[in-house]
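Lettering of chains follows the sequences in order, A, B, ..., and the numbering in each one begins at 1.
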Number of protein chains: 2
Amino acid sequence: MTVRLLLADDEHLIRGALAALLGLEDDLVVVAEAASGPEALAMARAHEPDVAVLDLQMPGADGVKVATSLRAELPGCRVLVVTSHGRPGHLKRALAAGVRGFVPKTVSAQRLAEIIRTVHAGNRYVDPELAADAISAGDSPLTSREAEVLELAADGAPVAEIAERAALSPGTVRNYLSSAVSKLDAENRHAAVRLARERGWV
Amino acid sequence: MTVRLLLADDEHLIRGALAALLGLEDDLVVVAEAASGPEALAMARAHEPDVAVLDLQMPGADGVKVATSLRAELPGCRVLVVTSHGRPGHLKRALAAGVRGFVPKTVSAQRLAEIIRTVHAGNRYVDPELAADAISAGDSPLTSREAEVLELAADGAPVAEIAERAALSPGTVRNYLSSAVSKLDAENRHAAVRLARERGWV
DNA sequence: GCGGCCTTCTGACATTTGTCATGCCCGGTG
DNA sequence: CACCGGGCATGACAAATGTCAGAAGGCCGC
């Protein structure tokens with residue numbers, strides 16, 4: 001019994017190479033490839049694969065967004081996410097989106113093939129190292145507004161602009177930033193943004 | 001006549017897949033693989049490949065640093081850099097380090113094989129799109145101190161800390177930051193850092 | 001329904017940044 | 001040699017930011 005695969009990754013080099021390698025396994029067959037989020041969705045609808053192997057960072061819509069849509073449209077399609085930068089928060093969000101497997105790109109193709117079979121069999125697989133990171137990083141201590149404001153502060157915008165974009169008073173924005181900074185034990189808002197990014201909380 | 005290759009990339013998945021695909025070409029043979037900068041250097045010394053295919057972002061030492069060392073130790077070894085995020089400044093630095101080819105990971109393996117041959121023949125190859133970006137981005141308008149201070153400001157450290165780490169007076173640091181911000185036409189130092197990063201100037 | 005937490009605001013204050021003018025020392029260039 | 005640009009500094013001022021206290025409304029759980 002063969003497993004029908006969808007591969008989605010914006011890097012042609014990797015996608016092609018992966019397709020070739022996985023295709024060598026005689027129980028795996030790559031039925032579709034995509035280079036962006038929307039394309040991955042379209043391909044999934046058209047080919048109804050058994051397992052979708054998605055890169056986390058793609059133009060258009062990231063792996064988690066695609067996984068969410070896929071979950072709704074093709075419940076029978078298992079989703080496996082592959083990523084270069086394993087941030088703890090991403091793992092959490094991916095699992096919440098119904099993703100069945102989460103692995104870093106540092107695994108070998110051989111290993112990936114095994115994991116694809118595991119996922120196809122209905123089991124879950126999460127890279128042990130990433131899982132440990134996610135557990136040790138814990139949950140975000142930020143309230144939703146704090147996270148929202150912090151995100152708006154990410155590109156170095158001044159308070160006035162953040163306030164406008166969040167439809168809040170400037171004073172409130174400063175209060176949220178201040179509490180986020182103290183919760184994250186950062187020196188200032190910019191360090192806070194960096195820390196929250198590292199832990200995948202924004 | 002076969003071309004002996006060194007592959008260096010920290011992502012096992014990609015490196016392995018690439019090795020397999022390039023190995024299919026009958027005039028290419030992968031003689032060594034590495035997962036980090038230092039390992040790449042060691043492998044190069046041990047196997048003396050004709051062409052080294054290096055990822056730009058690797059633990060230990062990045063592709064450009066490795067290329068520089070390689071240039072000195074193995075002048076006969078051509079260097080080809082492959083990257084996911086094609087920042088204009090990186091291209092410039094890579095060429096300055098004696099790199100013969102610079103391509104994004106969005107090319108196909110087929111295309112990469114051709115480029116390897118091109119580079120091995122002594123020619124240069126730079127991805128046209130990246131070249132266009134590099135030209136339109138122009139040279140960095142920052143003096144070396146401005147760039148240095150901006151880099152130290154990257155993780156959100158306060159002026160006092162930057163001053164200490166750069167062995168400068170706080171006032172001087174602020175002057176440099178101020179001039180960098182105005183040269184980059186940014187709203188504040190943090191936006192300036194972001195812009196400089198995007199253009200590959202830090 | 002009371003206590004607790006989140007959201008939202010205001011006002012006040014200390015600190016940090018951003019900006020500008022000005023000055024000195026140095027290495028190169030005409 | 002005189003001049004200029006870059007590196008480095010200081011001092012002063014305005015603006016932005018960080019911190020704190022206080023207060024009102026909403027929602028949830030007990």
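In this structure, B:Leu184 places its CG atom 15 Å from C1' of C:dG18, rounding to the nearest Å. Residue B:Glu187 contributes atom CD, which lies 10 Å from atom P of C:dT19 at whole-angstrom precision. In this structure, the CD atom of A:Glu161 is 12 Å from the P atom of D:dA16, given to the nearest Å. Note: CD (A:Glu146) to P (C:dC5) measures 14 Å, nearest angstrom. The distance from atom CG of A:Asp185 to atom C1' of D:dT19 is 15 Å, rounded to the nearest whole Å. Distance A:Leu168 CG to C:dC6 P: 16 Å, rounded to the nearest Å. Residue B:Leu177 contributes atom CG, which lies 20 Å from atom P of D:dA15 at whole-angstrom precision. B:Arg174 has its CZ atom 14 Å from the C1' atom of C:dA21, to the nearest Å.
For the OP1/OP2 pair of C:dT8 and a distance below 4.0 Å, the side-chain nitrogens and oxygens of A:Arg145 include at least one atom meeting the criterion. At D:dT19, one or more side-chain N or O atoms of A:Ser178 fall inside 4.0 Å of OP1 or OP2 (strictly under the cut-off).
You won't find any donor-acceptor pair under 3.5 Å spanning the side chain of B:Asn175 and the base of D:dC8, going by distance alone.
Counting any heavy atom pair closer than 4.0 Å across all strands shown, B:Thr172 reaches a base atom.
Residue A:Ala19 comes nearest to A:Glu33 through the heavy atom pair CB-OE2, 3.3 Å, listed as atom of the first residue, atom of the second, then distance.
In this structure, A:His190 and B:Tyr176 both approach DNA chain D, and ranking their closest nucleotides by distance from the 5' end singles out B:Tyr176.
Nearest to the side chain of B:Ser169, among D:dT19, D:dT10, C:dT17, sits D:dT10. Closest to the B:Ser144 side chain, of the nucleotides D:dT17, D:dG7, C:dT7, is D:dG7.
The pair A:Glu114-A:Arg117 fails the salt-bridge criterion, with no side-chain N (NZ, NE, NH1 or NH2) lying under 4.0 Å from an Asp/Glu carboxylate O. With salt bridges taken as basic N to acidic carboxylate O contacts below 4.0 Å, one links B:Arg165 and B:Asp155.
Residues B:Gln57 and B:Thr83 bring no donor and acceptor atom of their side chains to less than 3.5 Å of each other.
At distances below 3.5 Å, not a single donor-acceptor pair connects side-chain atoms of A:Arg199 with backbone N or O atoms of A:Arg87.
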